[in-house]
Amino acid sequence: MKNEIIQILHKELSEYFTLEDLKRVLETPPNDEMGDFALPCFSLAKQLRKSPNLIAQDLAERFKSYPEFASLQAVGGYLNLFLEPEWIINQVLDEALKPEYGKSVSKTKTVVEYCSPNTNKPLHLGHLRNMAIGESTARILKHGGHSVVKTCIFNDRGVHICKSMLAYQDFANGQKPSDKGIKSDHFVGDYYVKFAQQFKKDSSYEDQALQMLEQWEVGNQEVVSLWQQMNDWAFNGFNETFKLFGTSFDKEYYESKIFKNGKEIILDGLERGIFKKRADGAVIADLEKDGLGDKVLLRPNGTSVYIVQDIYLAYLKNQDFSYDKSIYVVGNEQEYHFSVLKKILQLLGAEYADGIEHLSYGMVELPEGKMKSREGTVVDADDLILNTADLAKEEILKRYENMDSSEVDKRSLAISLAAIKYQLLKTETSKNMIFNPKEAIRFEGDTGPYLLYSYARASSILRKANIELKTNPWPVNASEMRLIKKISKFPEVLNDSIHKLIPSMLANYAYELCQSFNHFFHECPVLKSDYTEQRLALVTSFRNTIGIVLNLLGIDKLEEM
RNA sequence: GUCCCCGUAGCUCAGUUGGAUAGAGUGUUUGUCUCCGGAACAAAAGGCCACGUGUUCGAAUCACGUCGGGGAUACCA
C-alpha cells in the first residue's frame, strides 16, 4: 500500500522528491489521529525559503481532487495524509488473501550456512538461536524470491573430538549409547565431560589427546575407526535434534574432508604477490591498512591455519552453487574472523567475495551469566525442547482433560517450539540476549504460544462459518481499520527484514499483527454481524498473513490448540 | 594497550539509515465474560532513553568524552 501512495505523491511532487526520496522520507505517524502516512516538509524549507508548515499546506492543495485521500492536513511541518477507508480496504484485503502475499521476484542465488556444530558434544541453547535465525533467514530470503541453499559445516575433527575419544577409550569399557539408553550425541558429550574431569587430576591428559590427533592424522587404523564410531553417534544424535527442531540442510560439508585443502590457493596468492613470506617462512596477509593487522595463513612449517580451510570452503561453495550471496550465520565473537575472510578473498580477486556476509548474532546468556560447560550451566537443546513440551502438556490437559494422548503430544511439541523459537528470534538479531528458561515457558503475553493462539482463534471462526467471503468495502470501525492497516504493513516489513538481514523485525511484526487481531476479535462479532461476509474476509486475510509469517519464522501452526 | 558491540520502566525487550506526546510484555493494582476460544481484552501505576558536551529546525537514534557490561585482538579450531 505504501508503494501506491508513493506513486501518487510522486505524480505531483517529482520536482521535489524522487521515488527513492519518497520511499525514504514517507513515514507512518505515531498515532492514528495524525493520519495514515506523513510527509515531513522540513527538508524543503531552505530550498523554498518558506516555513515547513506553509509548504505542507501548499502541497496539500495539490492532492485535493485525489479520490485516494479522505483529507490532508498540514500539522507542525508535516503533510498528514488520511486515506479513504474504502480505498485502503480495496488495496489490502484481496492481496492479503493470496498464499503468495508479500512474495517478490529476484534472481539472487544465496547460500546460507548455519548451525555448524562440533561433534564432540550435543547441541545447546546457543545452537538453537543459531538454527532459529538460520532457518528463518533462509525462508525469508526464499519468500523474497532468492533461490536458497542451506548448508552446514560439521567440525568433525580436531583436538576437541580426540578428547571425547580418549575418555571413551579409557573409561567406557566398550559401552554403546544403546547400552546406557541415552541419546547418542549426549553419550559422546558425556565423555567430553569425563575428559575434563580427568584433565583436572592429570594435566598430561591433554597431551594424550594431542597425540591421538597426530595418530588420527597419519591414519592410525584403530584411532580412525574409533573416530568414525563416535562421529556416527554424534551425527545420529544431531539428526534427531534437527528433526525435532524442524530444520534441515541441502548440503553438508565436513571439516575432515576439506581441512587439508586451500593451501594451493594461498601459495598461488603468494606467487601473485598478494601475500608475503615472513623471515621465518610463515606466509602472511598484510591487512594493516584495513585495520585488521597481519594474519598468518601458513605456519613456518608450511601447515595451514584454520582460516585457510574457510577460504577453501568459500571457494568450494561457489564451485557447487555459483552463489551471488553467501551468508554465514555465526556468533558475533567471530566478526573479526569474517572481516579477515572476506578481505582476503577480495585481495585474491575472487568474484564471489563481495557476496559474503556475516549474519552476526548475539550471544545467549542465562540470568546468572554465561553458559559454561565446565560448570554444568549449559542448557541442552533437546532437554529444553522436551521440558518445555512437558509444561505445555500440563497447560493443554488443564483445558482438555480427555484429549487423545498423541494429539496432546503433537500440540505440546508445537507449542514448545513456538515458545522457544519466538523467544530466540524476537530480540534484535545482532544483540546479546538473556534467555530465562522460566520466561521461555511462559505462554501468555509476548510469546510464541500467543501467536499460535491467535492463529487458532481465527481458524476456529472460519471453521464455524459457512458463508462466502466478500471483500467489498464496508463501514469499518477503529479496531477493524487497525487490523487492516497492520496486515498491509507485511510487505514493507518483509522487505526491510530481507535487506537488512534481520529476522527479528518479522518476529516483532508477528506479535503486533496478532495484537491487532485479538483486539478486533474482542471488539467485533464476526458471525453475528451485519457485515459477516466482510469480516470473514478480514479474518481470512489475517489468518493467511500470520500463517505466512509464522512459516517464515520457522514456527509450525496449529489449527486448534 | 588497541579495536568492535551493548547500556531504554523493577525484570525481559521494541523503537534501523535523525522526526510529532519514547512503546510492548511481565510483575503490582483494578476492570471486562447471557456473545465467534479467558493461552484473551481494557485501565492505572511505573522513564534524567547510563552520564556529560556538541552537531541542527528536530537526538533514544549522529560525533566526541566519561562510567558500566560483553567480545575480539592464536602460528586454537
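FYI, side chains are in, hydrogens and waters are out, and symmetry mates aren't considered; it's all heavy atoms of this structure. Lettering follows sequence order; numbering is per chain, from 1.
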Watson-Crick or G-U wobble partner for B/C67, using a 3.5 Å limit on both distances?
B/G7

Measuring only the P atom in each nucleotide, how far is B/A40 from B/U26? A whole number of Å is fine.
7 Å

Assign the ring pair A/Tyr306 / A/His337 to parallel, tilted or perpendicular, where the plane angle (0 to 90°) is split at 30° and 60°.
tilted

For B/C48, the nucleotide meeting Watson-Crick or G-U wobble distances (both under 3.5 Å) is none

Has A/Tyr455 got a side-chain N or O lying under 4.0 Å from the OP1 or OP2 atom of B/G37?
no

Among B/G37, B/U26, B/A72, which nucleotide has an atom closest to any side-chain atom of A/Glu333?
B/A72

What's the closest nucleotide to the side chain of A/Ile434 if the choices are B/C41, B/C36, B/U12?
B/U12

So does A/Arg399 get a side-chain nitrogen or oxygen closer than 4.0 Å to the phosphate oxygens (OP1/OP2) of B/A40?
no

C1'-based separation of B/A24 from B/G71 [nearest Å]:
29 Å

Rounded to whole angstrom, note down the P distance from B/U32 over to B/G38.
16 Å

Would you check if the side chain of A/Asp290 reaches a backbone N or O of A/Leu292 as a donor-acceptor pair within less than 3.5 Å?
no

So A/Ala38, base contact, sugar-phosphate only, or nothing? Heavy-atom distance under 4.0 Å.
base

Would you tell me if any nitrogen or oxygen in the side chain of A/Lys370 comes within less than 4.0 Å of OP1 or OP2 on B/G71?
yes

Can you tell me, in whole Å, how much space there is between the P of B/G23 and that of B/A9?
14 Å

Side chain of A/Glu428, heavy atoms from C-beta onward: which of B/G70, B/G37, B/G15 has the nearest atom to it?
B/G15

In this structure, how many angstroms lie between the P atom of B/A14 and the CD atom of A/Gln515, rounded?
15 Å

Parallel under 30°, tilted from 30 to 60°, perpendicular over 60°: which one fits the rings of A/Phe338 and A/Tyr328?
tilted

Provide, to the nearest angstrom, the distance between the CE atom belonging to A/Met433 and the P atom belonging to B/G71.
17 Å

Taking the side chain from A/Asn118 and the backbone from A/Asn120, do they hold a donor-acceptor pair closer than 3.5 Å?
no

Quick one: on RNA chain B, does A/Arg457 or A/Val75 contact a more 5' nucleotide (nearest heavy atom)?
A/Val75

Regarding A/Pro30, tell me which of base, sugar-phosphate or nothing describes its non-hydrogen contacts under 4.0 Å with the strands shown.
base

For nucleotides B/U55 and B/U21, find the distance between their C1' atoms and express it as a whole number of Å.
25 Å

Does the side chain of A/Arg543 come under 3.5 Å of the side chain of A/Tyr455 through a donor N or O and an acceptor N or O?
yes

G-U wobble or Watson-Crick pairing nucleotide for B/U34 (cut-off 3.5 Å, both distances)
none

Just checking A/Ile415: base, sugar-phosphate only, or nothing, at a heavy-atom cut-off of under 4.0 Å?
base

Give A/Tyr336 one of three labels, base, sugar-phosphate or nothing, depending on what nucleic acid heavy atoms sit under 4.0 Å from its own.
sugar-phosphate

For a quick check of understanding: with a heavy-atom distance under 4.0 Å over all strands, which category does A/Ile396 fall into, base, sugar-phosphate or nothing?
base

Which word best sums up how the rings of A/Phe517 and A/Phe521 line up, parallel for under 30°, tilted for 30 to 60°, or perpendicular for over 60°?
tilted

B/G25, OP1 or OP2 - any side-chain N/O from A/Lys426 closer than 4.0 Å?
no

Strictly by Watson-Crick or wobble contacts shorter than 3.5 Å, is anything paired with B/U21, and which nucleotide is it?
none

A/Leu44 has an atom CG; how far is it from atom P of B/C57, in whole Å?
15 Å

For A/His519 and A/His522, I'd like to know if the aromatic rings sit close, meaning centre-to-centre distance below 6.0 Å.
no

Under 30°, 30 to 60°, or over 60°: which ring-plane class applies to A/Phe199 and A/Phe195, parallel, tilted or perpendicular?
parallel

Heavy atoms from C-beta onward define the side chain here; which of B/A77, B/C13, B/A14 lies closest to that of A/His337?
B/A77

Classify A/Ile502 by what it touches in the nucleic acid, base, sugar-phosphate, or nothing, heavy-atom distance under 4.0 Å.
base

With a 4.0 Å cut-off on heavy atoms, is A/Pro29 in touch with a base, just the backbone sugar-phosphate, or nothing at all?
base

Taking the side chain of A/Glu335 as its heavy atoms from C-beta onward, which of B/A20, B/A14, B/C4 lies nearest to it?
B/C4

Measuring only the C1' atom in each nucleotide, how far is B/A22 from B/A59? A whole number of Å is fine.
12 Å

Using a heavy-atom cut-off of under 4.0 Å over every strand shown, decide if A/Cys41 touches base, sugar-phosphate, or nothing.
nothing

Choosing from B/A20, B/G25, B/A39, which nucleotide comes nearest the side chain of A/Tyr511?
B/G25

Interatomic distance at P, B/A42 relative to B/G25, whole Å
8 Å

Rounding to a whole Å, what distance do you find between A/Ile311:CD1 and B/A77:C1'?
15 Å

Assess whether one donor atom and one acceptor atom, taken from the side chain of A/Arg157 and the base of B/A77, lie less than 3.5 Å apart.
no

Where the side chain of A/Ser460 is concerned, which of B/U21, B/A42, B/C36 is the nearest nucleotide?
B/C36

Does A/Lys431 reach a base, just sugar-phosphate, or nothing at all? Heavy atoms under 4.0 Å.
sugar-phosphate

Ring geometry between A/Tyr511 and A/Tyr450 (parallel below 30°, tilted from 30 to 60°, perpendicular above 60°):
tilted

Do the side chain of A/Asp310 and the base of B/A77 come within less than 3.5 angstrom through a donor-acceptor pair of N or O atoms?
no

By nearest atom, which of the nucleotides B/A14, B/G25, B/U21 is closest to the A/Asp446 side chain?
B/G25

B/C49 to B/C3 separation - P atoms, rounded to the nearest Å:
29 Å

Between B/A39, B/C36, B/U17, which nucleotide has the shortest distance from any of its atoms to the side chain of A/Phe521?
B/C36

With a non-hydrogen cut-off below 4.0 angstrom, is A/Tyr400 in contact with a base, only sugar-phosphate, or nothing?
base

So which nucleotide does B/A60 pair with, by the Watson-Crick or G-U wobble rule with both distances under 3.5 Å?
none

Between A/Trp216 and A/Phe259, is the ring centroid distance below 6.0 Å?
yes

Phosphate OP1/OP2 of B/A40 contacted by A/His519 side-chain N/O (<4.0 Å):
no

Which nucleotide in B/C76, B/C13, B/A39 has an atom nearest any side-chain atom of A/Thr427:
B/C13

Which comes earlier along RNA chain B counting from the 5' end, the contact point of A/Asn432 or that of A/Val159, where each point is its nearest nucleotide?
A/Asn432

Which part of the nucleic acid, if any, lies within reach of A/Tyr306 when heavy atoms closer than 4.0 Å are counted: base, sugar-phosphate only, or nothing?
base

